[in-house]
K.L.:
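First, the structure itself, so that you have it in front of you.
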Amino acid sequence: MEGGVVEVDASAFRECLSLSWKNPYVLRLAFSAGIGGLLFGYDTGVISGALLYIRDDFKAVDRKTWLQEAIVSMALAGAIIGAAVGGWINDRFGRRKAILLADTLFFIGSAVMAAATNPSILIVGRVFVGLGVGMASMASPLYISEASPSRVRGALVSLNGFLITGGQFLSYLINLAFTEAPGTWRWMLGVAVVPALVQIILMIMLPESPRWLFRKGREEEGKAILRKIYPPREVEAEINTLRESVELEIKEAETQDKVSIVKMLKTKTVRRGLYAGMGLQIFQQFVGINTVMYYSPTIVQLAGFASNRTALLLSLVTSGLNAFGSILSIYFIDRTGRKKLVLFSLCGVVFSLVVLTLVFHQSTTHSPMVSAIETSHFNNTCPDYNSAVNPGGWDCMKCLKASPDCGFCASGANKLLPGACLISNDTTKDQCHKEDRLWYTRGCPSKFGWLAIVGLALYIIFFSPGMGTVPWVVNSEIYPLRYRGICGGMASTSNWVSNLIVAQSFLSLTQAIGTSWTFMIFIFITVAAIIFVIIFVPETKGLPMEEVEKMLEGRELNFKFWQRR
């Protein structure tokens with residue numbers, strides 16, 4: 001194996017399952033910390049459905065794309081700050097206290113959003129939630145990683161990834177459940193206070209990470225926890241290894257100045273770890289996953305499904321596949337290894353993005369025509385259509401792109417037949433629906449719409465088991481203990497900065513260059529990600545955490561990553 005990695009056999013997944021009766025304490029630690037991942041997933045996923053109804057309540061949001069992007073992206077801006085500060089909080093106060101602080105921020109943010117009376121207050125609540133997401137995104141997997149036996153560490157950290165995707169799936173279920181309830185989006189956003197409160201109660205009763213306790217000189221507390229985590233025959237070896245690792249770091253710290261970014265980058269092992277860890281986090285976002293998670297109902301509408309409820313229902317399918325993919329990751333990550341799994345994942349993402357690109361290109365170039373007769377049937381024709389030089393050449397897509405004030409009322413007999421280009425307002429929408437027609441403002445009727453759902457489903461199936469989980473697993477195990485908190489914070493920050501850039505630009509890009517060309521950009525980025533993983537990402541499967549530094553120190557490029565060394 002690359003870098004002298006210790007081989008683990010195929011029983012790692014079965015051993016992880018056997019913890020439920022052999023050592024339920026380990027699973028209790030992992031599940032309790034993993035609720036942070038559940039909140040992370042819920043609060044990032046819930047906005048996609050809530051946004052459909054926020055647009056209905058706040059007309060300014062419906063008409064201004066930048067305001068929609070701001071509501072989504074301000075949580076990401078908060079996450080950037082939360083991840084950056086979270087690294088220091090993790091190292092200074094411990095992983096457990098960082099998770100508790102994240103829960104408090106989740107609770108406050110969810111309550112503020114549920115009570116918001118205008119978009120500004122809603123954005124403030126999203127910032128609070130974002131701060132919690134940023135802290136939880138690194139604190140939860142770090143806590144699980146440091147409180148897990150090395151043989152099942154990958155599977156248990158993947159459990160956090162499963163809870164993230166499970167939280168996203170739960171958010172779509174909640175969205176669907178409240179579509180007919182008064183207050184719709186307020187319930188969707190406010191429900192998150194419940195798991196936040198549950199985790200606060202659970203984490204108060206749990207101990208700190210044993211590795212952090214050793215680092216802070218609280219060795220006896222750390223030993224007591226390790227004896228609960230490891231079998232009796234392994235615990236003394238783990239204690240000795242951890243003690244030696246901490247003593248070495250303390251000696252290095254005494255002979256060096258305080259940790260600084262410059263000094264970290266001059267350290268070969270840290271620098272190589274950051275290349276791999278930060279690179280994976282950046283590419284995780286730039287291959288487009290959160291355009292799917294934040295805007296999947298909008299993408300479904302762009303594919304030609306007009307109803308909010310239909311868009312949510314179809315998005316629920318992709319979200320469910322995301323959760324299923326995380327289960328596959330728990331099974332495969334300690335069998336195939338991190339590197340092979342992520343490369344297979346990225347190759348599948350390329351194929352899925354090609355499907356989406358072709359589908360949206362066909363939908364855009366073959367949208368129904370605008371009929372002057374159908375349009376004149378109503379009394380509120382779109383002004384841009386009236387003043388057009390050649391209205392006979394207009395189709396649905398041209399009508400929608402002409403102005404945010406234009407909408408398309410499909411033909412009653414067949415939605416693919418010529419329809420009407422009308423002023424977009426509630427009155428027109430109601431008139432269109434009264435005649436059993438479909439009203440479109442985001443996308444146009446298309447016979448290829450179902451293929452867009454297939455493309456989204458394939459994207460999730462390929463992305464989730466590998467690229468969805470591996471970056472978090474690698475970042476929880478690749479850095480030396482002394483730098484783990486700050487490096488993890490840097491990697492998480494790079495993830496959220498990338499996330500913010502993609503989320504803030506997606507809708508604007510689709511308006512400027514079209515949905516198909518936007519997905520084409522993601523294809524080129526994914527190909528670059530494949531090349532990056534082959535060159536820069538080492539295999540850490542089965543490697544005890546204290547051996548990671550030695551592996552990085554002597555690592556050489558291994559282009560034949562599928563061969564064992």
Side-chain angles (χ1 to χ4, degrees), residues 35-62 64 67-79 81-82 99-137 163-164 166-203 290 293-298 308-309 311-313 315-316 319 496 503:
I35 294 175
L38 182 78
L39 282 163
F40 172 2
Y42 185 87
D43 280 305
T44 54
V46 71
I47 195 62
S48 63
L51 191 60
L52 301 179
Y53 296 92
I54 291 169
R55 290 197 314 235
D56 289 341
D57 277 8
F58 299 134
K59 296 305 177 184
V61 177
D62 187 44
K64 298 175 182 177
L67 200 50
Q68 294 175 44
E69 290 175 332
I71 290 172
V72 172
S73 302
M74 282 305 100
L76 306 180
I81 299 170
I99 293 173
L100 286 170
L101 179 57
D103 287 328
T104 304
L105 292 166
F106 277 128
F107 189 93
I108 294 171
S110 298
V112 170
M113 288 189 296
T117 55
N118 58 60
S120 299
I121 296 175
L122 185 59
I123 288 172
V124 170
R126 291 287 292 166
V127 171
F128 271 97
V129 164
L131 290 168
V133 167
M135 289 186 185
S137 68
L163 288 171
I164 291 174
Q168 291 169 336
F169 180 69
L170 177 64
S171 73
Y172 283 101
L173 282 177
I174 296 293
N175 284 346
L176 203 57
F178 286 111
T179 52
E180 303 298 332
T184 51
W185 59 269
R186 297 184 187 277
W187 285 102
M188 296 172 182
L189 299 176
V191 162
V193 300
V194 177
L197 189 59
V198 169
Q199 189 174 35
I200 287 174
I201 295 169
L202 290 174
M203 291 306 297
N290 278 317
M293 298 317 300
Y294 296 143
Y295 298 115
S296 58
T298 302
N308 282 356
R309 189 175 179 83
L312 281 176
L313 188 60
S315 298
L316 181 65
S319 183
W496 291 112

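We count residues from 1, following the sequence as given.
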K.L.:
What's the shortest heavy-atom distance between Gly132 and Ala102, and which atoms?
P.N.:
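Where Gly132 meets Ala102 most closely, the heavy atoms are O-CB, 3.5 Å.
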K.L.:
side-chain contact (heavy atoms from CB on, under 4.5 Å) with Leu170: which residues, sequence neighbours excluded?
P.N.:
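Partners of Leu170 under the side-chain contact (heavy atoms from CB on, under 4.5 Å) test: Tyr42, Ile174.
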K.L.:
With a 4.5 Å heavy-atom cut-off, do Arg126 and Ile47 have their side chains touching?
P.N.:
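In short, these two side chains touch, coming nearer than 4.5 Å.
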K.L.:
In the structure I gave you, are the side-chain heavy atoms of Ile164 and Leu38 within less than 4.5 Å of one another anywhere?
P.N.:
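No - every pair of side-chain heavy atoms lies 4.5 Å or more apart.
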K.L.:
Write out all pairs satisfying side chain to side chain donor-acceptor pair (under 3.5 Å) with one or both partners inside residues 113-125, taking only residues at least two apart or from two chains.
P.N.:
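Sorted result for residues 113-125: empty, none.
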K.L.:
Tell me, do Ile81 and Leu131 make a side-chain contact under 4.5 Å, heavy atoms counted?
P.N.:
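SC-SC contact between Ile81 and Leu131 confirmed.
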K.L.:
Nearest 0.5 Å, what's the CG-CD1 distance between Leu122 and Ile71?
P.N.:
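The distance works out to 5.0 Å.
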K.L.:
Is there a side-chain contact between Ile35 and Ile99 in this structure, where contact means two heavy atoms from C-beta onward sitting under 4.5 Å apart?
P.N.:
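The answer is no; the side chains never approach within 4.5 Å.
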K.L.:
Side chains of Ser110 and Asp43: does their closest heavy-atom pair fall under 4.5 Å?
P.N.:
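They are in contact (side-chain heavy atoms under 4.5 Å apart), so the answer is yes.
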K.L.:
List for me each residue that meets side-chain contact (heavy atoms from CB on, under 4.5 Å) alongside Ile108, sequence neighbours excluded, and say none if there are none.
P.N.:
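Listed in chain order: Thr104, Val112, Phe128.
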K.L.:
I would like to know whether Val129 and Leu105 meet side chain to side chain contact (heavy atoms under 4.5 Å, CB included); could you show each step before the answer?
P.N.:
CA-CA 6 Å; Val129 164; Leu105 292 166; over 6 Å; no
K.L.:
Under a 4.5 Å cut-off applied to non-hydrogen side-chain atoms, are Val46 and Val191 in contact?
P.N.:
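Heavy-atom side-chain distance check fails, nothing below 4.5 Å.
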K.L.:
Minimum heavy-atom separation for Leu189 to Ala50, with atom names?
P.N.:
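Nearest heavy atoms, Leu189 then Ala50: CD2-CB, 4.1 Å.
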K.L.:
For Asp57, enumerate each residue passing the side-chain contact (heavy atoms from CB on, under 4.5 Å) test, keeping only those at least two apart in sequence or located in another chain.
P.N.:
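In terms of side-chain contact (heavy atoms from CB on, under 4.5 Å), with neighbours along the sequence ignored, Asp57 is linked to Trp185.
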K.L.:
Report the residues that fulfil side-chain contact (heavy atoms from CB on, under 4.5 Å) with Ala196, sequence neighbours left out, ordered by chain and then residue number.
P.N.:
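With neighbours one apart ignored, the set is Leu39, Phe106, Phe107.
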K.L.:
So which atom in Gly36 and which in Ala136 form the shortest heavy-atom distance, rounded to 0.1 Å?
P.N.:
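Closest heavy-atom pair between Gly36 and Ala136: O-CB, 3.9 Å.
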K.L.:
Once you round to the nearest 0.5 Å, how far does CE of Met135 lie from CG of Asp103?
P.N.:
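Spacing of CE (Met135) from CG (Asp103) equals 11.0 Å.
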